[in-house]
Participant: 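Below you will find the structure I want to go over with you.
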Amino acid sequence: MNGPLSVATIVAALVLAAWFLLRAALNRAPGRAELIATAVLGVLVAVLVIVAVIGLFDGSRPQETATFAGYLITTIAFAPVALYLAKMEPTRWGNLILGVACLVLPVLVLRLQQIASVTVA
Amino acid sequence: MPDSPPTTRPADAALNTGLGRVLLFVYGVFALSASARALVQIATHFSEAPLAYLLSALAGLVYIAATVGLAIGGTRGRRIALTSCSIELVGVLMVGTLSIADAIAFPDDTVWSRYGSGYGYVPLVLPFIGLWWIWRHRPTRPTPDAE
């Protein structure tokens, strides 16, 4: 859970968040590039979640397995939901939705790392 | 404004568009996190702090109601959102104060503990933005000037 994949996801999300918030501040609607970027981030997050799920089956599990699973489901669903809402909102607010999502995603990844670090054999 | 072109949308077209859709997203996130957290707390260690966990569950329900209200919009959605945002404001102020004053009854963090400091104080700011947005869409508003 602490691998380079997590770091890459967090950095990518933060860079995208800055971009989306800037675009929202400039009163721009999300264009094709923004939507594709969010979709790519969603794929990155999906890979991260799949790796974490595989990790659940190799011996040690997080102490709070149910919470961990809940966070995994939330995390994987996050980018697609934001993308869906942003597509319905072709105004600056669409970019704000994407920006908020990209700010919350790193928090979710950090929480996953936190929960994963407390394990039972 | 029946003749306004469909490509430009007035900034305050409806409760559930524009900023309303951002609020819908944020409220949805809080609806999920607050109720999931309350479920885990109640299911695993309810007896430790029943009052805090019941308030935690209430917070989850309030966020769910606000999300639904913002999602359906219209007069009914507005009324649901107005009610839940008001309860939310009272709740975050009350639980925030109680969690500081009586740390024994609130040993475990909830969404509203310490005015939502565990969530970047977003739970404290959110009801103000929500109520302001709902207030801007009050139905008794005179017809706005066409742009």
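The structure displayed is predicted, hence computed values, not measured ones. These numbers come from the heavy atoms of this one structure, side chains and all, not from hydrogens, waters or symmetry mates. Residue numbers begin at 1 in each chain, while the letters A, B, ... track the order of the sequences.
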Participant: Do A/Val45 and A/Val51 belong to the same hydrophobic cluster, where Ile, Leu, Val, Met, Phe, Trp and Tyr are linked whenever their side-chain heavy atoms lie under 4.5 Å apart, directly or via other members?
Facilitator: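 Same cluster.
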Participant: Do any of residues 38-72 of chain B have a heavy atom less than 4.5 Å from a heavy atom of chain A, and if so, which, in residue order?
Facilitator: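 The stretch touches chain A at B/Val40.
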Participant: Please flag which part of A/Ala86 lies under 4.5 Å from any non-hydrogen atom of chain B: side chain, backbone, both or neither.
Facilitator: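 For A/Ala86, neither part sits under 4.5 Å from chain B.
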Participant: Indicate if B/Ile80 and B/Ile134 have the same hydrophobic cluster label, given that clusters are the connected sets of ILVMFWY residues with side-chain heavy-atom separations under 4.5 angstrom.
Facilitator: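 B/Ile80 and B/Ile134: separate clusters.
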Participant: Quick one: which residues of residues 23-32 of chain B reach chain A at under 4.5 angstrom, heavy atoms only?
Facilitator: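 Counting heavy atoms that sit under 4.5 Å from chain A, the residues of residues 23-32 of chain B involved are B/Leu24, B/Phe25, B/Val26, B/Val29, B/Leu32.
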Participant: May I ask whether B/Tyr115 and B/Val125 are part of the same hydrophobic cluster, defined by side-chain heavy atoms of I, L, V, M, F, W, Y residues being less than 4.5 angstrom apart, directly or through others?
Facilitator: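 Linked, B/Tyr115 and B/Val125 end up in one cluster.
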Participant: Would A/Ile50 end up clustered with A/Val43 when hydrophobic side chains under 4.5 Å apart are linked, directly or stepwise?
Facilitator: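 Not linked; separate clusters.
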Participant: Between B/Arg21 and A/Met88, what is the shortest heavy-atom contact and its length?
Facilitator: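 In this case the closest contact between B/Arg21 and A/Met88 is NH2-O, 3.1 Å.
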Participant: Would A/Leu14 end up clustered with A/Phe20 when hydrophobic side chains under 4.5 Å apart are linked, directly or stepwise?
Facilitator: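 Yes; tracing contacts between hydrophobic side chains, which count when under 4.5 Å, links both residues.
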